[in-house]
There are 2 protein chains.
Amino acid sequence: MNEAKLKFYKSLGLKLTPQRLAILEYLENNRSHPSAEDIYNALKPHFPSMSFATVYNTLEVLVEKGLVKEINIESNKKRFDAFTHPHHHFFCKGCKKIIDIENNQNITIPKELKDYELTEFQVIFYGFCPECKNKRGKR
Amino acid sequence: MNEAKLKFYKSLGLKLTPQRLAILEYLENNRSHPSAEDIYNALKPHFPSMSFATVYNTLEVLVEKGLVKEINIESNKKRFDAFTHPHHHFFCKGCKKIIDIENNQNITIPKELKDYELTEFQVIFYGFCPECKNKRGKR
DNA sequence: CTAATTGCAAAAATTTTGCAGGACT
DNA sequence: AGTCCTGCAAAATTTTTGCAATTAG
């Protein structure tokens with residue numbers, strides 16, 4: 001991670017512990033939208049003493065600071081995304097893969113939300129990726 | 001529940017136990033997108049012996065048969081919706097309320113999904129409902 | 001009558017919490 | 001040095017499972 005980024009993180013009041021940096025870096029280099037467990041498993045070899053609590057604590061802080069987004073698509077499992085520009089997602093119902101969709105979508109703000117405060121929206125596409133589509137065969 | 005509906009449910013090969021009927025009816029008369037626990041709590045007074053397993057089993061069957069949809073918006077909690085026509089949702093980050101959005105949205109199918117099987121999509125709007133908006137005050 | 005469904009209790013999966021010791025600034 | 005962070009273990013939350021007893025068709 002470069003100097004500028006380090007400074008930026010410090011400016012948010014974050015202590016830059018090795019574990020925290022590793023989690024951030026892992027997320028930034030990884031567009032697979034990993035779960036807390038994925039992150040834990042990936043980093044465990046490098047930080048044998050690291051605990052789940054640290055992963056969860058760190059993710060919570062990163063989400064608070066807006067550096068990471070929480071994705072709730074897969075049932076009962078949070079997944080995390082360090083790509084924070086507005087974008088959409090495709091969820092494969094077979095292998096649970098999530099891919100980023102960067103198309104612009106022309107969303108109409110519903111009149112029902114007139115008196116609401118709207119902070120963001122996203123489109124989620126569901127279906128089967130090419131591999132899973134083939135595995136299930138024709139129907 | 002009327003005759004025609006009962007016949008329809010039977011035609012799907014579903015045994016119509018009192019618990020199952022109560023769950024279905026509760027969902028059909030309720031657009032709050034309840035969780036399994038909400039359903040359990042609502043029906044407990046009428047079926048003191050009913051267990052969580054029954055609620056979960058029933059919901060699973062109803063989802064399989066396409067009578068109910070599972071909604072994964074709130075982190076780590078499944079919610080259920082008997083309104084199965086395609087529609088969108090608003091999620092209040094304050095009180096966790098989910099409301100239906102029935103606007104048509106002109107979604108562009110992304111070219112990234114060319115070789116994918118697309119089964120459905122939905123737009124999720126996030127923000128604060130009028131009550132929660134006021135509670136948090138201006139910022 | 002038979003297979004499907006229920007209820008119970010235990011287990012699984014994921015996330016949260018309290019606290020003591022340790023590390024970052 | 002002081003505060004924030006880590007690691008551990010226990011708890012909390014939600015969902016799933018195994019199995020014996022019951023019930024709908």
Exercise. Quick one: is A:N76 getting a side-chain N or O under 4.0 Å of the D:dT15 phosphate, OP1 or OP2?
Worked result: yes
Exercise. Can we say A:E120 and B:K93 salt-bridge, meaning some charged N sits less than 4.0 Å from an Asp/Glu carboxylate O?
Worked result: yes
Exercise. Quick one: CG on B:N72 to CD1 on A:I124, what's the gap to the nearest 0.5 Å?
Worked result: 9.0 Å
Exercise. Atom NZ of B:K77 and atom P of D:dA12: how far apart are they, to the nearest Å?
Worked result: 16 Å
Problem set entry | Main-chain N/O of A:Y9 paired to A:K65 side chain as donor or acceptor, under 3.5 Å | no
Problem set entry | Closest to side chain of B:K78, choosing from C:dT15, D:dT15, D:dT6 | D:dT15
Exercise. Taking atom types as modelled and ignoring hydrogens, do the side chains of A:N57 and A:T54 form a donor-acceptor contact shorter than 3.5 angstrom?
Worked result: no
Exercise. Would you say a side-chain N or O of B:S51 is under 4.0 Å from OP1 or OP2 of C:dC8?
Worked result: no
Problem set entry | d(CZ, A:F80; P, C:dT14) in whole Å | 13 Å
Problem set entry | N or O in side chain of A:Y56 less than 4.0 angstrom from C:dT16 OP1/OP2 | no
Exercise. To the nearest Å, how far apart are A:N57 CG and C:dA23 C1'?
Worked result: 15 Å
Exercise. Can you tell me how far P of D:dC5 sits from CZ of A:F52, to the nearest Å?
Worked result: 21 Å
For this session: Spell out, as yes or no, whether a donor-acceptor pair under 3.5 Å connects the side chain of A:T119 to the backbone of B:Y126.
Result: yes
Problem set entry | Whether B:D81 side chain and B:F83 backbone form a donor-acceptor pair below 3.5 Å | yes
Problem set entry | Phosphate contact (D:dG7 OP1 or OP2) by A:T54 side-chain N/O below 4.0 Å | yes
Seminar exercise, completed: Against the side chain of B:A36, the closest entry in D:dT17, C:dT14, D:dT15 is D:dT15
Exercise. Atom CG of A:D38 and atom C1' of C:dT15: how far apart are they, to the nearest Å?
Worked result: 15 Å
For this session: Could you tell me the separation between the CD atom of B:E37 and the C1' atom of D:dA12, rounded to a whole number of Å?
Result: 12 Å
For this session: Take the protein atom CG of B:L6 and the nucleotide atom C1' of D:dG25, then report the distance between them rounded to whole Å.
Result: 14 Å
For this session: Measure the distance from CG on B:N72 to P on D:dT14 and round it to the nearest whole Å.
Result: 14 Å
Exercise. Which ones in residues 13-32 of chain A lie close to DNA chain D, meaning a heavy atom under 4.0 Å from one of its atoms?
Worked result: A:K15, A:T17, A:Q19, A:R20
Exercise. Judged by modelled atom types alone, do B:K44 and B:Y40 share a side-chain donor-acceptor pair under 3.5 Å?
Worked result: yes
